[in-house]
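Let me begin by handing over the structure; questions about it come next.
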Amino acid sequence: MVIPTNTRVETLATSGIHQIPKEYIRTQDELTTITNIFDEEKKELGPQVPTIDLNNINSKDPKTREKCCNELVKAATEWGVMHIVNHGISSDLINRVKDAGERFFDQPVEEKEKYSNDIATGKIQGYGSKLANNACGQLEWEDYFFHLVFPEEKRDLTVWPSTPSEYIPATAEYARQLRALTTKILAVLSLGLGLEEGRLEDEVGGLEELILQFKINYYPKCPQPELALGVEAHTDVSALTFILHNMVPGLQLFYDGQWVTAKCVPDSIIMHIGDTLEILSNGKYKSILHRGLVNKEKVRISWAVFCEPPKDKIILKPLPETISKENPPLFPPRTFHQHMEHKLFKKKDHSVEPK
């Protein structure tokens, strides 16, 4: 079966096929590790992604606040990923964001195509499907919608969906609230490195330059989920990534030499440390390798916000305070753009190293 380059995974998934095209079949090494995601989520034994309660992040009591901050720093140091609860963003707003995204993807593919991106011409915002960018030319079982959401003056609302009408107001408000939460998280992580509260925020661009990119990932039902991946193993290039999902499991983290399935924790946001903070902290904070599994019973949708420094204005390198004779710098100086290019080059060069 030859698939056109612009085929949407949703179109394939609803076409009645029983076997997936060879472009979606993973390598032999990967296939040995792909299991049933619903069975994996039920497992109680083994490592579990930590859940961090942010209720006391602004507590007036120093000891109460310190305990909350220490737990967040510990999770960032040991895992680089966590479920955060009591994060201050209302469940009503989150439900509006998710409802709008689901309703957009509920539309016929032809409607969504009106918003299609065109990576070849540099139009990266909009509706798309993953193009092969690895050595094996493999594809992922996913369609997506991608656009910048913050700062507001850098948005292009013409690429945002006009249907449903709730999409723009709900998504814009979510971005504003998430940006405020980002400041709080970065303050705690700064203190965890022995720095002043505002240091990491400044290092990643501050209010003016830190960019929030929004991506809705749509993983259709897959007739052969044991052969495919929704998203292949990678680390995020961002400073922080925040993820909502529709309570269908799929996220796996490579922790302590094994793939660990993230549970579906109600009213939580999944937060990843990205490469940017790993570099600035000289490896203290971990950017964890992760991937997405698919299934044949349920569509999975996730809403990711990537908090990224400006592409060329900032040199990313370990902060001087994180370096000593015992802890030499683990990363060479690069701009954010150079870091992304470096990762892409290594991927095409058959390297399996995440960095």
Side-chain angles (χ1 to χ4, degrees), residues 37-38 40-44 47-59 64-65 67-76 78-105 149-150 164 166-167 169-189 212 214-219 230 236 238 240-253 260-274 288 290 292-293 295 298-307:
I37 193 65
F38 297 112
E40 291 295 326
E41 203 219 0
K42 292 189 188 95
K43 289 183 179 174
E44 297 296 337
Q48 302 288 339
V49 177
T51 296
I52 304 300
D53 188 338
L54 296 185
N55 196 42
N56 294 316
I57 196 169
N58 293 321
S59 174
T64 306
R65 181 172 189 261
K67 182 173 183 291
C68 174
C69 294
N70 287 345
E71 287 171 359
L72 197 161
V73 167
K74 184 170 186 276
E78 294 180 1
W79 277 83
V81 65
M82 63 203 80
H83 302 282
I84 54 174
V85 295
N86 291 317
H87 38 69
I89 300 178
S90 74
S91 54
D92 175 62
L93 176 57
I94 286 173
N95 289 336
R96 283 168 55 209
V97 169
K98 288 161 73 166
D99 181 63
E102 286 175 0
R103 284 167 61 199
F104 172 77
F105 271 96
V149 287
F150 201 90
E166 178 70 351
Y167 184 96
T171 306
E173 181 55 30
Y174 178 62
R176 277 192 290 273
Q177 294 196 24
L178 206 53
R179 183 62 186 85
L181 178 61
T182 299
T183 293
K184 291 180 186 177
I185 300 285
L186 289 174
V188 171
L189 295 174
L212 271 58
F214 186 63
K215 187 177 180 218
I216 306 176
N217 302 295
Y218 185 86
Y219 306 102
D236 290 352
S238 59
L240 294 170
T241 303
F242 296 94
I243 301 172
L244 303 171
H245 55 80
N246 65 337
M247 296 299 282
V248 175
L251 175 65
Q252 290 193 318
L253 302 309
V260 176
T261 299
K263 298 269 195 276
C264 291
V265 177
D267 300 316
S268 70
I269 299 175
I270 296 169
M271 187 183 82
H272 284 271
I273 302 292
I288 195 168
H290 56 285
L293 267 57
N295 72 85
K298 295 178 179 179
V299 170
R300 180 170 183 262
I301 309 176
S302 67
W303 291 256
V305 174
F306 305 96
C307 305

message: Please report the interatomic distance CD1(Ile288) to NE2(His272), rounded to the nearest 0.5 Å.
response: 8.0 Å
task: Could you tell me which residues satisfy ring-ring contact (aromatic ring centres under 6.0 Å, His included) with Phe104, sequence neighbours excluded, listed by chain and number?
output: Tyr115, Phe145
- request: Taking side chain to side chain donor-acceptor pair (under 3.5 Å) as the test, write out the residues that go with Lys67, two or more places apart.
  value: Glu71
Step-by-step side-chain contact (heavy atoms from CB on, under 4.5 Å) determination, Val85 to Ile52: CA-CA 6 Å; Val85 295; Ile52 304 300; over 6 Å; no
field: side chain to side chain contact (heavy atoms under 4.5 Å, CB included) partners for Gln48, two or more places apart
entry: Lys263
task: Go through the structure and list residues passing side chain to side chain donor-acceptor pair (under 3.5 Å) with Lys215, not counting sequence neighbours.
output: Glu142, Asn217
task: Name all residues meeting the salt bridge (Lys or Arg N to Asp or Glu O under 4.0 Å) criterion together with Lys43; count only those two or more places apart in sequence or in a different chain, and write none if there are none.
output: Glu40
query: For the residue pair His87 and Leu181, what are the closest heavy atoms and their distance?
result: O-CD1, 3.7 Å
query: Mind checking whether Leu240 and Thr182 have side chains closer than 4.5 Å, heavy atoms only?
result: yes
statement: By salt bridge (Lys or Arg N to Asp or Glu O under 4.0 Å), Glu173 pairs with (sequence neighbours left out) Arg176
task: Would you name the heavy atoms of Ala100 and Tyr167 that are closest together and state the gap between them?
output: CB-CA, 3.7 Å
message: According to ring-ring contact (aromatic ring centres under 6.0 Å, His included), who are the partners of Phe242, at least two apart in sequence or on a separate chain?
response: none
task: Start with the C-alpha distance between Asn246 and Tyr218, add both sets of side-chain angles, then the distance that settles side-chain contact (heavy atoms from CB on, under 4.5 Å), and finish with yes or no.
output: CA-CA 10 Å; Asn246 65 337; Tyr218 185 86; over 6 Å; no
field: Main-chain N/O of Asp267 paired with His83 side-chain donor or acceptor, under 3.5 Å
entry: no
field: Pairwise salt bridge (charged side-chain N to carboxylate O under 4.0 Å, His left out) hits with a residue in residues 78-93, at least two apart
entry: Lys74-Glu78
task: Please report the C-alpha distance between Val97 and Phe214 in whole Å, then the side-chain angles of each, then the deciding distance to 0.1 Å, and finally whether the side-chain contact (heavy atoms from CB on, under 4.5 Å) criterion is met.
output: CA-CA 11 Å; Val97 169; Phe214 186 63; 4.2 Å; yes
field: Nearest heavy-atom neighbours spanning Gly101 and Ile216
entry: CA-CD1, 4.0 Å
message: So, using side chain to side chain donor-acceptor pair (under 3.5 Å) as the criterion, who are the partners of Thr64 when residues are at least two apart?
response: Asp61
query: Quick one: does Leu186's side chain get under 4.5 Å of Val188's, heavy atoms only?
result: no
Distance, nearest 0.5 Å, that separates CH2 of Trp303 from NE2 of His245: 9.5 Å
task: Can you sort out the partners of His290 under side chain to side chain donor-acceptor pair (under 3.5 Å), two or more places apart, ordered by chain and number?
output: His234, Asp236
message: Please evaluate residues Met271 and Val81 with respect to the criterion side-chain contact (heavy atoms from CB on, under 4.5 Å), reporting the C-alpha separation (whole Å), side-chain torsions for both, the decisive distance (0.1 Å), and the verdict.
response: CA-CA 6 Å; Met271 187 183 82; Val81 65; over 6 Å; no
message: Under a plain distance cut-off of 3.5 Å, with no hydrogens placed, do Glu41 and Thr261 share a side-chain donor-acceptor pair?
response: no
message: Closer than 3.5 angstrom, by distance alone: can the side chain of Asn56 be matched with the main-chain N or O of Ser59 as a donor-acceptor pair?
response: no
- request: To the nearest 0.5 angstrom, please state how far the CG atom of Asp53 sits from the SG atom of Cys68.
  value: 7.0 Å
field: From CD1 (Ile270) to OG1 (Thr241), nearest 0.5 Å
entry: 11.0 Å
query: Any side-chain heavy-atom pair from Leu244 and Tyr174 closer than 4.5 angstrom?
result: yes
Considering all heavy atoms, the nearest Val49-Met82 contact: CG1-CA, 3.8 Å
field: Nearest heavy-atom neighbours spanning Ser238 and Phe306
entry: CB-CB, 4.2 Å
- request: Would you name the heavy atoms of Phe38 and Lys298 that are closest together and state the gap between them?
  value: CZ-CD, 4.2 Å
task: Measure the spacing between SG of Cys307 and CZ of Arg179 and express it to the nearest 0.5 Å.
output: 7.0 Å
query: Does Arg103 have any side chain to side chain contact (heavy atoms under 4.5 Å, CB included) partners at least two apart in sequence or in another chain, and if so, which?
result: Asp99, Pro164
- prompt: Looking at side-chain heavy atoms only, is the closest gap between Ile89 and Leu178 below 4.5 Å?
  reply: yes
task: With sequence neighbours left out, write down each residue that passes side chain to side chain contact (heavy atoms under 4.5 Å, CB included) with Asn70, or none if nothing qualifies.
output: Glu66
task: Working to the nearest 0.5 Å, report the span between CG of Leu293 and CD of Gln252.
output: 4.5 Å
